[in-house]
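Below you will find the structure I want to go over with you.
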Amino acid sequence: MSSFSYGHAISSEVLLAQFDMLKKQIPVLYSCLLVNMIAVSALFSGAAPVLLYAAVPALFTVLIGRRILHWRRQKPGSQVSATDIRRELDRTIALAWALSMALTVWVVALLQYAHGAEIILLAFFTWTTAVSTASNLAYLPNANKGIMLISAVPFTACIVAYGDVQFGVSLILFATFAFVTVRVLLVHFSEFTEGVSNRTELQEKQKQTEAAHQEVKRIALTDTLTSLPNRRAFYIELERLTQAAKATGKKWAAGVIDLNGFKPINDVFGHRSGDAVLVAVGQRLTETVGDGGMVTRLGGDEFGIIIWKFDDQAELLRLGNDLNQALSYPYEFEFSTAMLSGSCGLAIYPDGGKTPEMLLENADTALYQAKQSKSQSPVIYSPTHCDEVRELAAIEQALRRAVAAEAIELAYQPIIDLRSGQVVAFEALARWTDPQLGTVRPDRFIDIAEQTGLIVELTDQLLRKALATARTWPLEIKLSFNLSAILLVRAGYNLSIISALNTAGFSTRRLHLEITETALMSSFELARKNISELRAAGISIALDDFGTGYASFGYLDEITVDTLKIDRSFVPGPDMPVGKRQILKAIIGLSAGLGIPTILEGIEQHKQLEEAKEAGCDFAQGYLFARPMPAGNIAEYLATYDPDQCRTGKSAA
């Protein structure tokens, strides 16, 4: 499309700037022009025909008024397309030229009725109108040049025709002024376009800088593996919601999710598969939470969640269960499948904490409760958890004193060979009675010992005591000793065990170490290495509580153990489901196929003993044979124990 307004291509930014400036200037231009016309019309009132001094100005007034209204109604350039702006500017130039021609004709027509000073006034009107119009159209260079020529040339020619020298000199001055004015306006427009271009370039650079800043900010707040928000983003959102909730009083929840069984996936399948699982976990959590919250990766196998859409605690618990359920589905690899689960702790603002720090601390407390629960259900923090934490703190302090005083004692429970009925071993069981706390369950204080690092010193003490006691037993009876999962994967701890055996003068072949499935899960490769070293030294290994965790017979193909100790939950009984009874037989059968003897713990009744024998179990342990006893009672027990009680079921408890 042809254009009056440009002699060369012009950017859309300049086009918008021209339009916005003209939107302000043109109404002023038309208003000045209207005032000048009314003044000239009044000057020639009665001296010139009505058509010239009244009708023509009235026509101009209507036209100019419409143009003023037209420009007043114009939207900002940013809301108009470039094509429409170009079309409007072309129309403005054409109208400016046409109006200049019409005004020039009108002024020339009035010249024949002018005398003396009136001619000077007409000249002044012509030139001021031309200069005013050109100045107000400074942002349309082709327009102001055309207006100067159209307005000045015809009028100048008419004045020259009069032959008046004084007028001629004045016209030369006016012409010079017009030339200078046009030059100034052209320079102004050039500077204007350059300024717009510089501003546009600066804005573009600012946009690029801002985009780069936003990208850096995004990277700083994003976990590179899962593409989820990271720990820093989690804290920022917690702070934002806390501040907002102070004004609105709206409740929301923060939570922490920890994966159970993730470490073995890295060890068995490799870190690449472990990374794939973490990505899948992030996707599952995000899909489950939806637009009602935010999922972040805090680090390792720990994820943070923020929930801002829930009606009550029941709904929040349902969401927590949905999250745990989503994590429990199989994770498919190229050649294998892995399983894991999640534990979820939640805290609701403001009851669960009024600051991000308190919310997270209490969510962690709830997470601890969730991990302790065998149901694996999500836990919402409540003040009762504080009581639990205080109780744990009291146990920890008392435990530190007890370890320092070597006050933790051992009780011993026999393990019976179901074929011969003979006692083949005693399991050493930690027991603790505190003067203030009373009797503390082993699972509680052992767990605290593991968390605080006291487990190393405590195990050293108990192993030393157990070895000293076991040295007094008949040589055919072994010592079964529980080894913490933390110590099994502790570098160099094998040497501590062997050193304790050498110091006590106790044969490695008489020591039976019991490890839990958790030990295998915590660091599979290191557990396998240490087990191999212990077995090479002559120490036998039993896998304790088999059937309750994540270990499977697939792991037994990777790690060789000497005995499987089946959890007491599989002890046969009248209320035992048929399916579980079949699982017991399957475990015993598969163990026999692998050449691994089995021990069933928790036998309390003769009927349970008979069913264990029928299932093919090799060894048994439980109250039917004896309750855990102090070291000083073992000699009497062995002296009075009748192997036939294994056959008759006569209780020795």
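Just so we're clear, the structure is a prediction, and the values are computed from it rather than from any experiment. One is the number of the first residue; the rest follow in order along the sequence.
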Calculate, to the nearest 0.5 Å, the distance between atoms CD1 and CD1 belonging to Ile596 and Ile587 respectively.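 Reported value, rounded in 0.5 Å steps: 12.0 Å.
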Can you name the one residue among Leu463, Leu513, Ile539 that meets side chain to side chain contact (heavy atoms under 4.5 Å, CB included) with Leu483? Leu513
Side chains of Pro628 and Arg431: closer than 4.5 Å at any heavy-atom pair? yes
Closest contact, heavy atoms only, Pro378 versus Gly320: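 Closest approach of Pro378 to Gly320, heavy atoms only: CG-C, 3.6 Å.
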From Leu367 CG over to Ile257 CD1, what is the distance, rounded to the nearest 0.5 angstrom? 9.0 Å
Considering only NZ, NE, NH1 and NH2 on the basic side and carboxylate oxygens on the acidic side, decide whether Arg231 and Asp223 come within less than 4.0 Å.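 Here Arg231 does not pair with Asp223 in a salt bridge, since their nearest N and O are not under 4.0 Å apart.
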Note: Lys205-Glu210 ion pair, threshold 4.0 Å (strictly below): no
In terms of the angle between their ring planes, are Phe426 and Tyr412 parallel, tilted or perpendicular, with boundaries placed at 30° and 60°? perpendicular
Out of curiosity, Met294 CE to Trp252 CH2, how far, rounded to the nearest 0.5 Å?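 One gets 11.0 Å once the value is rounded to the nearest 0.5 Å.
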Looking at Glu514 and Leu543, would you say the former's side chain and the latter's main chain have a donor-acceptor pair under 3.5 Å?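 Absent.
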Can you name the closest pair of heavy atoms from Trp432 and Ile395 and give their distance?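 That would be CH2-O, 3.8 Å.
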Stepwise side chain to side chain contact (heavy atoms under 4.5 Å, CB included) test for Ile541 and Ile515: CA-CA 7 Å; Ile541 303 294; Ile515 62 173; 3.8 Å; yes
Counting only heavy atoms not in Arg444, do more than 12 sit closer than 6.0 Å to its CZ atom?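 Check passes, neighbour count above 12.
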Is there side-chain contact between Glu315 and Asp312, with heavy atoms separated by less than 4.5 Å? yes
Return yes if some donor-acceptor pair links the side-chain N/O of Asn230 with the main-chain N/O of Ala220 below 3.5 Å, else return no. yes
Would you check if Phe234 and Leu298 make a side-chain contact, meaning some heavy-atom pair closer than 4.5 Å?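 When only atoms from C-beta onward are counted, Leu298 and Phe234 do touch, with a gap below 4.5 Å.
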Got a donor-acceptor contact below 3.5 angstrom from the Thr459 side chain to the Val456 backbone? no
Crowding at NZ, Lys465 (>12 non-hydrogen neighbours, <6.0 Å): yes
Please collect all side-chain hydrogen bond (donor to acceptor under 3.5 Å, both in side chains) contacts where either partner lies in residues 273-294, sequence neighbours excluded, each pair once. Arg284-Tyr331
Any heavy-atom pair between the side chains of Leu399 and Ile408 that's under 4.5 Å? yes
Please report the closest heavy-atom contact between Asn260 and Leu340, naming both atoms and the distance.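 Looking at all heavy atoms of both residues, the shortest contact is O-CB, 3.2 Å.
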So, do Ile566 and Glu601 sit near enough that their side-chain heavy atoms are less than 4.5 Å apart? no
If we only count heavy atoms from C-beta on, is the Ser480 to Gln621 side-chain gap below 4.5 Å? no
I would like to know whether Leu238 and Leu360 meet side chain to side chain contact (heavy atoms under 4.5 Å, CB included); could you show each step before the answer? CA-CA 9 Å; Leu238 287 179; Leu360 275 184; 3.9 Å; yes
Check this for me: Gln313, atom CD, are more than 12 non-hydrogen atoms of other residues, nucleotides or ligands nearer than 6.0 Å? no
Side-chain (Asp618) to main-chain (Thr598) donor-acceptor, under 3.5 angstrom: yes
Can you tell me how far apart CD (Glu450) and CD1 (Ile455) are? Round to the nearest 0.5 Å.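 Output value for this atom pair is 5.0 Å.
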Would the distance check show the side chain of Asp258 and the main-chain N or O of Ser343 forming a donor-acceptor pair, the cut-off being under 3.5 Å? no
Could you walk me through whether Tyr381 and Ile348 satisfy the side chain to side chain contact (heavy atoms under 4.5 Å, CB included) test, starting with their C-alpha distance in whole Å, then the side-chain angles of each, then the deciding distance to 0.1 Å, before giving a yes or no? CA-CA 8 Å; Tyr381 172 82; Ile348 301 175; over 6 Å; no
A side-chain contact here means heavy atoms from C-beta on lying under 4.5 Å apart; do Thr563 and His512 qualify? yes
Distance-minimising heavy-atom pair for Asn482 and Ala428: ND2-O, 3.5 Å
Under 3.5 Å: donor-acceptor pair, side chain of Gln608, backbone of Gln605: yes
State the CG-CZ distance between Leu437 and Phe445, to the nearest 0.5 angstrom.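 So the CG of Leu437 and the CZ of Phe445 are separated by 12.0 Å.
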Quiz item: cation-pi between Arg627 and Tyr623, 6.0 Å / 45°: yes
Between Lys565 and Phe619, is any pair of side-chain heavy atoms under 4.5 Å apart?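 Result no, sub-4.5 Å side-chain heavy-atom pair not found.
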Looking at Gln413 and Gly622, what are the two nearest heavy atoms and their distance? NE2-C, 3.6 Å
Are the side chain of Thr222 and the backbone N or O of Thr224 linked by a donor-acceptor pair below 3.5 Å?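 No: the side chain of Thr222 does not pair with the backbone of Thr224.
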Determine yes or no for a side-chain-to-main-chain donor-acceptor pair under 3.5 angstrom, with Asn494 supplying the side chain and Asn530 the backbone. yes
Would you find a donor on one side and an acceptor on the other, under 3.5 Å apart, between the side chain of Arg318 and the backbone of Asn321?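 No: the side chain of Arg318 does not pair with the backbone of Asn321.
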Starting from the C-alpha separation in whole Å, work towards a yes-or-no answer on side chain to side chain contact (heavy atoms under 4.5 Å, CB included) for Arg464 and Glu406. CA-CA 11 Å; Arg464 187 171 65 252; Glu406 298 194 16; 3.1 Å; yes
Minimum heavy-atom distance between Phe262 and Leu259, given as atom pair plus value: CB-CB, 4.1 Å
To the closest 0.5 Å, what do you measure between OG1 (Thr248) and CD (Gln243)? 11.0 Å
